[in-house]
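Here is how names work: the chains are called A, B, and so on, in the same order as the sequence lines, proteins then strands, and each is numbered from 1.
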Number of protein chains: 2
Amino acid sequence: MASSTVENYVKRIFLAQQTTADGLVPVGQLATIMNVVPGTATSMVKALSDSGLAEYAPRTGVRLTRGGEQLALHVLRRHRLLELFLVKALGLDWSEVHTEAEELEHAVSDRVLERIDDFLGHPSVDPHGDPIPSARGKMAEPSAVSLADCEVKKRLRVSRVADQQPAFLQLMERSGLIPGALVRVENRDEVAGAVVVVPGGDDPVVLGFSAARKVFVE
Amino acid sequence: MASSTVENYVKRIFLAQQTTADGLVPVGQLATIMNVVPGTATSMVKALSDSGLAEYAPRTGVRLTRGGEQLALHVLRRHRLLELFLVKALGLDWSEVHTEAEELEHAVSDRVLERIDDFLGHPSVDPHGDPIPSARGKMAEPSAVSLADCEVKKRLRVSRVADQQPAFLQLMERSGLIPGALVRVENRDEVAGAVVVVPGGDDPVVLGFSAARKVFVE
DNA sequence: ATACTAATTTTGACTAATCAAAATTGCAAT
DNA sequence: ATTGCAATTTTGATTAGTCAAAATTAGTAT
Ligand SMILES: [Mn+2]
Ligand SMILES: [Mn+2]
Ligand SMILES: [Mn+2]
Ligand SMILES: [Mn+2]
């Protein structure tokens, strides 16, 4: 059985890989993500390689094997189903479920997880709009169009908010920018690095590019 | 923060203490309960003593301090609320929830736990009839009268089944001996070490003393 | 080519939890 | 009083995961 440490590393490598072209994650970057010193990440990556979960090219980076990827998808499935369950069944706020799921994802059994999946009616996305991998390890890929690069003056639907920090999620909720909401980008100023967004019935909201890049639409 | 290992030790010491007069648990007994070799239990007990959770008298036994007891009650509260939640909210069988709760009890936060408590309407007992400690660490003491020593030929109510083994719980369920059920002990044969029990509407059931001692009534 | 730098790896040390096996001890039976 | 034994403790190792700090290396700039 993979320890929760291994599960966390593998999950983070998987997510970091998504943002690269070659799927190679530098060990230093992994260390930053995992909040450990570089040497710790190096030895962990060697261990993952020894156990067949990753391929490790010294001074180059890590990449998950097929097995590592399947494990990562399993952990992500647990994480995201738990997040949705905490919101739907227990009424937690979408800004607090990430932290909770970070622990529970290592403690919940397959048996309980499938009950949760049934309870939720086999959902395809979590409260933040992130896709939930299937039990067989298939995951839809989410929209890549954000408020920072979408068409202007067009009615669009928010599909995903890609930042787990409570303060950010609370702001998005106050601004009416939650998955499912309709929005229109009124104006985008490349020089100022800001967009003016008009959510459903609400007042216009100004977002900097760094924030706008985290809100995806369809 | 106490590790899950520490939480498990403290919980087990607490439960073992309940069965002794002086509240002293021999280290060897603790080792057996925890499925570790005696030396492991000795060093763990020293560590618990160093961190103020227990008092350790070499070659005599361990006893929890007030702090250790409070921790044990907190873990027990988590365990039992989770068991009931798994039964009530997700429809798991009472024979399988113990194993699940054994892991989840270390991963669930106070915030989530109180939501679960609200959802369940602040219950006082878990699916096996074990009392659920309050958030402040108070726990009712359960009935000590079992089918092995209760009054004969009298209508009584099953209040607790004190064995977590799935096979035992499944048998009790098939026999109609679940908390809340009405029963009558038809006959008790001290020599044969067996009791004949008549549950609510069901057929008579014969239990050996070792089994009868695990079913408590009121 | 040389020197510098930033990323990475290596080395050595530490903690928590465990086991195997040897040493100790308290007590009971002779 | 001795002896023997069963429980307990001690000792020495091991594994997973981590950090601090030194060593290495692959470029980059001169
Ligand atoms: Mn996690
Ligand atoms: Mn999420
Ligand atoms: Mn446990
Ligand atoms: Mn129980």
Report task. Could you tell me whether A/His98 and A/His79 have their ring centroids closer than 6.0 angstrom? Result -> yes
Query - Interatomic distance, A/Arg59 CZ vs D/dT25 P [rounded to whole Å] - result: 7 Å
Query raised in the report: Rounded to the Å, how far apart are A/Asp50 CG and D/dG17 P?
Result: 13 Å
Query raised in the report: For B/Val36, which contact category applies under a 4.0 Å heavy-atom criterion: base, sugar-phosphate, or nothing?
Result: sugar-phosphate
Query - More than 12 heavy atoms from other groups under 6.0 Å of CD on B/Glu141 - result: no
Query raised in the report: Angle class for the A/Phe85/B/Phe85 ring planes (parallel below 30°, perpendicular above 60°, tilted otherwise)?
Result: perpendicular
**Report entry** Nearest-angstrom distance from the residue atom CE of B/Met34 to P of D/dT8
**Finding:** 16 Å
Query - Ion pair check, A/Arg77 and A/Glu114, cut-off under 4.0 Å - result: yes
Query raised in the report: What nucleic acid atoms does A/Ser43 come within less than 4.0 Å of, heavy atoms only: base, sugar-phosphate, or nothing?
Result: base
Query raised in the report: Can a side chain N or O of A/Thr5 be found less than 4.0 Å away from OP1 or OP2 on D/dG17?
Result: yes
**Report entry** Nucleotide interval of DNA chain C bounded by contacts with chain A (heavy-atom cut-off, under 4.0 Å)
**Finding:** C/dA7 to C/dT10
Requested in this report: Return yes when atom CD of B/Gln165 has more than 12 non-hydrogen atoms of other residues, nucleotides or ligands closer than 6.0 Å, and no otherwise.
Outcome: no
Query raised in the report: At under 4.0 Å between heavy atoms, what does A/Gly39 touch on the DNA or RNA strands: base, sugar-phosphate, or nothing?
Result: base
Query raised in the report: Under 4.0 angstrom, heavy atoms only, what part of the nucleic acid is A/Val37 near: base, sugar-phosphate, or nothing?
Result: base
Report task. Answer yes or no: is there an ion pair linking B/Arg66 with B/Glu69, defined by an N-O contact shorter than 4.0 Å? Result -> yes
